[in-house]
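Structure first, commentary second.
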Amino acid sequence: MISVRFAPSPTGYMHIGNLRTALLNRLFADNLRFKTGEEVSYVLRMDDTDLERSKPEYEQAVYEDLKWMGISWDRLEHQSERLDRYRSVVEELKAKGRIYACYETAEELEYKRRRQRARGLPPVYDRAGMRLTAEERRAYEAEGRRPHYRFVLEHKETSWDDMVRGPCAYNGEHLSDPVVVREDGTFPYMLPSVIDDMDFGITHIIRGEDHVTNTAVQIQMFEVLGGRIPVFGHPPLLTGREGKLSKRLGSLSSRELREEGIEPMTIACLLARLGTPDPVVVCRDLDELAKVFDLSHFGRAQPHFDPDELFKLNPRILHEMSLEDVNARLKDEGKSPVSADFWKAVAPNVAKVGDIADWADVCSAGRVFDVPAADRDFCRTAAALLPEGSVGEETFAAWTSALKAQTGRKGKDLFRPLRLALTGREQGPELKMLLPVLGREEILRRLQG
RNA sequence: GACCCUAUCGUCUAACGGUUAGGACAUCGCCCUCUCAAGGCGGUAACACGGGUUCAAAUCCCGUUAGGGUCGCCA
């Protein structure tokens with residue numbers, strides 16, 4: 001059984017970075033499923049222990065965004081419901097002597113760090129709490145101080161083989177003992193995450209590069225708790241053109257993307273490849289993408305993410321869509337389905353889903369478009385010359401050559417009035433393809449305006 | 001400041017001591033064509049800098065410069 005997880009904090013709307021992590025986990029798991037036939041489990045874990053900032057509306061947004069992207073999950077968990085479990089693990093760690101009480105205030109710790117920095121030392125916690133005598137502790141408590149607790153990090157080298165970064169190692173001496181219980185009794189991210197990963201049988205953890213140092217700490221926690229250590233993979237963070245992923249870019253939420261008319265598969269296809277040597281491939285769904293996904297292809301350098309890439313890729317994704325997929329998408333948008341002929345004619349001219357509805361409107365029965373006065377007679381002649389019988393793709397050539405012979409017009413003078421009368425626009429899909437879509441009645445009506 | 005990671009066409013990147021430095025996207029040109037697209041074919045374009053090691057360096061080593069991550073009672 002392969003288990004991955006995506007663990008968002010419902011404290012805001014999902015952005016492109018979140019989406020990428022969610023997606024990479026899904027693709028990674030499914031790739032293994034296809035390759036090995038093994039069962040996979042995708043755990044969606046709400047890191048909602050921060051009651052202040054966690055909001056139900058954000059949680060709903062996570063569900064919606066994942067569904068929109070086509071990312072499904074097999075199991076849903078809330079950290080806010082597992083507090084008792086965390087407390088009992090803390091007791092276990094206390095019993096093992098791997099946790100100690102500290103009494104510094106946040107300000108005092110800040111001061112210590114500043115001093116260390118000023119002296120050119122790494123701002124690592126000095127373990128003062130570990131050396132406290134029972135008497136000193138009582139004195140602090142008498143002052144009204146409440147303790148917070150830290151996990152004892154072994155001062156040894158902790159290493160792992162990262163799926164994207166290769167062999168990694170961190171020395172415990174360079175790291176601070178992490179706080180695992182706050183003064184108010186709540187739990188910071190580090191330990192609950194490990195407990196959950198153990199309890200939910202997570203086998204592979206794919207998350208951003210910003211978590212690499214945490215990995216050393218968490219591996220030590222897994223070791224103490226006797227859990228199986230998952231395999232880690234840390235793809236580099238996305239950056240914007242000017243270095244850091246800008247606020248605007250980083251906060252590009254999936255709903256904004258959706259409003260812009262970007263297809264979920266456009267996002268998926270780009271994010272699955274950005275940072276790898278593999279060219280973007282147009283896939284019709286996540287399963288198809290997962291089959292050709294390979295986490296180990298990711299490089300260690302940070303790729304630039306440019307939203308423009310999305311806009312450039314979107315038309316390609318749309319062009320490759322089958323009629324069924326297009327109609328499914330239109331249904332999502334609350335639009336009516338289109339015919340095979342229509343899609344065949346219009347697909348190459350579509351950059352966003354919204355364009356489909358625009359063209360459907362142009363083609364809908366009963367529309368009439370203005371034609372310059374100088375071309376009215378020409379259009380009537382054209383109507384008269386429309387070949388008898390059903391209108392097909394071959395009709396256009398026969399029709400226009402007859403028209404050319406009759407009127408002496410050619411080139412732009414010949415075609416432009418037809419396009420204007422039939423579509424009301426200067427540009428658009430090939431008329432040859434559009435004729436069968438409109439049908440005889442509609443063509444005649446529009447020409448006779 | 002400390003620890004760690006990174007540096008090849010505009011962009012994503014390949015190369016794992018010997019290549020005309022390869023591909024994809026973008027761009028440019030040509031073809032197709034009633035238009036805009038789409039599609040087909042082709043072109044331009046890169047080893048951050050300085051030292052070493054070696055018969056031979058994009059590749060290994062050192063330094064410089066530049067970017068990034070981490071160093072929270074955030075996640």
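The chains referred to below are lettered A, B, ... by the order of the sequence lines, with proteins before strands, and numbering in each begins at 1. This structure is a prediction, so every number in the text was calculated from the model and none was measured.
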Cationic tip of A:Arg409 within the cone over A:Phe378's six-membered ring, i.e. under 6.0 Å and within 45° of the normal? yes
Now, which nucleotide makes the Watson-Crick or G-U wobble pair with B:G50, with each of the two distances under 3.5 Å? B:C62
What integer number of Å spans the P atoms of B:A14 and B:G23? 15 Å
Ring of A:His304 versus six-membered ring of B:G10: centres under 5.5 Å and planes under 30°? no
How long is the span from the CG atom in A:Leu23 to the CE atom in A:Met69, to the nearest 0.5 Å? 5.0 Å
Do A:Thr186 and A:Arg182 pair up side chain to side chain, a donor and an acceptor below 3.5 Å, judged on atom types alone? yes
Before you tell me yes or no, could you show the steps for A:Tyr103 and A:Glu143 under side-chain hydrogen bond (donor to acceptor under 3.5 Å, both in side chains), namely the whole-Å CA-CA distance, both residues' side-chain angles and the distance that decides it to 0.1 Å? CA-CA 10 Å; A:Tyr103 289 88; A:Glu143 269 179 45; over 6 Å; no
Quantified in whole Å, what is the C1' atom distance between nucleotide B:U27 and nucleotide B:C71? 43 Å
Do we get A:Arg150 above A:Tyr125's six-membered ring, with its NZ or CZ under 6.0 Å from the centre and within 45° of the axis? yes
Does the structure show a Watson-Crick or G-U wobble partner for B:C25, both distances under 3.5 Å? Name it, or say none. B:G10
Checking base pairs now: Watson-Crick or wobble, both atom distances under 3.5 Å. What partners B:C71? B:G1
Pair A:Tyr58 and A:Tyr13, ring centroids less than 6.0 Å apart: yes
pair_partner(B:C30), Watson-Crick or wobble, both distances < 3.5 Å, evaluates to B:G40
Without swapping roles, check the side chain of A:Asn327 against the backbone of A:Val338 for a donor-acceptor pair under 3.5 Å. yes
Between B:A38 atom P and A:Trp343 atom CH2, what is the distance in whole Å? 14 Å
Using a cut-off of strictly less than 4.0 Å, decide whether A:Arg425 has a side-chain nitrogen or oxygen near OP1 or OP2 of B:U35. no
Name every residue in residues 368-379 of chain A that has at least one heavy atom under 4.0 Å from any atom of RNA chain B, in order of residue number, or write none if there are no such residues. none
Aromatic rings A:Trp160 and A:His234: how do their planes relate, parallel, tilted or perpendicular, breaks at 30° and 60°? perpendicular
Nearest-Å distance, CG (A:Leu270) to C1' (B:U11)? 11 Å
Tell me if a side-chain donor or acceptor on A:Gln79 pairs with a main-chain N or O of A:Arg45 at a distance below 3.5 Å. no
If you measure from the P atom in B:C16 to the same atom in B:A21, how many Å do you get, rounded? 14 Å
So how far is it from A:Leu66 CG to A:Met14 CE, rounded to the nearest 0.5 Å? 4.0 Å
Can you tell me, in whole Å, how much space there is between the C1' of B:A37 and that of B:A75? 46 Å
A:Ile317 atom CD1 is separated from B:A38 atom C1', nearest whole Å, by 15 Å
Opposite nucleotide pairing with B:A15, Watson-Crick or G-U, both atom distances under 3.5 Å: none
Close residues, residues 164-189 of chain A, relative to RNA chain B [heavy-atom separation under 4.0 Å]: A:Arg165, A:Tyr170, A:His174, A:Ser176, A:Val179, A:Arg182, A:Glu183, A:Pro188, A:Tyr189
Value in whole Å for how far the C1' atom of B:A75 lies from CE of A:Met46: 14 Å
Please give the distance between the C1' atoms of B:A46 and B:C12 as a whole number of Å. 13 Å
Selection from B:A37, B:G1, B:C73 that lies nearest to any side-chain heavy atom of A:Arg150: B:C73
Quiz question: going by heavy-atom distance under 3.5 Å, is there a donor-acceptor pair between the base of B:U35 and the side chain of A:Arg419? yes
With a 4.0 Å cut-off on heavy atoms, is A:Pro348 in touch with a base, just the backbone sugar-phosphate, or nothing at all? base
Within this structure, what is the CG-CG distance for the pair A:Asp126 and A:Asp177, rounded to the nearest 0.5 Å? 10.0 Å
Can you tell me which nucleotide in B:A75, B:A38, B:G69 comes closest to the side chain of A:Val212? B:G69
Whole-angstrom distance between B:G22 and B:U8, as gauged at atom C1': 11 Å
Using a heavy-atom distance cut-off of less than 4.0 Å, which residues of residues 402-416 of chain A contact RNA chain B? A:Phe415
Both distances below 3.5 Å, Watson-Crick or wobble geometry, any strand: find the nucleotide opposite B:U35. none
In whole Å, what separates the C1' atom of B:A66 from that of B:G50? 15 Å
Do other residues, nucleotides or ligands put more than 12 heavy atoms under 6.0 Å from the NZ atom of A:Lys410? no
Using a cut-off of less than 4.0 Å, is there contact between a side-chain N or O of A:Arg145 and OP1 or OP2 of B:C73? no
From B:U13, B:G1, B:A24, pick the nucleotide closest to the side chain of A:Pro277? B:U13
Any strand is fair game: report the nucleotide pairing with B:A57 by Watson-Crick or G-U wobble, both distances under 3.5 Å, or none. none
Between A:Ser193 (side chain) and A:Tyr189 (backbone), is there a donor-acceptor pair under 3.5 Å? no
Step by step, work out the salt bridge (Lys or Arg N to Asp or Glu O under 4.0 Å) result for A:Glu110 and A:Arg113. CA-CA 5 Å; A:Glu110 177 61 37; A:Arg113 281 194 292 268; 3.3 Å; yes
When only distance counts, do a donor and an acceptor, one from the side chain of A:Asn214 and one from the base of B:A75, lie under 3.5 Å apart? yes
Specify the residue among A:Met190 and A:Arg119 whose closest nucleotide of RNA chain B lies further upstream toward the 5′ end. A:Arg119
When rounded to the nearest Å, what value does the distance between P atoms of B:C61 and B:G18 take? 16 Å
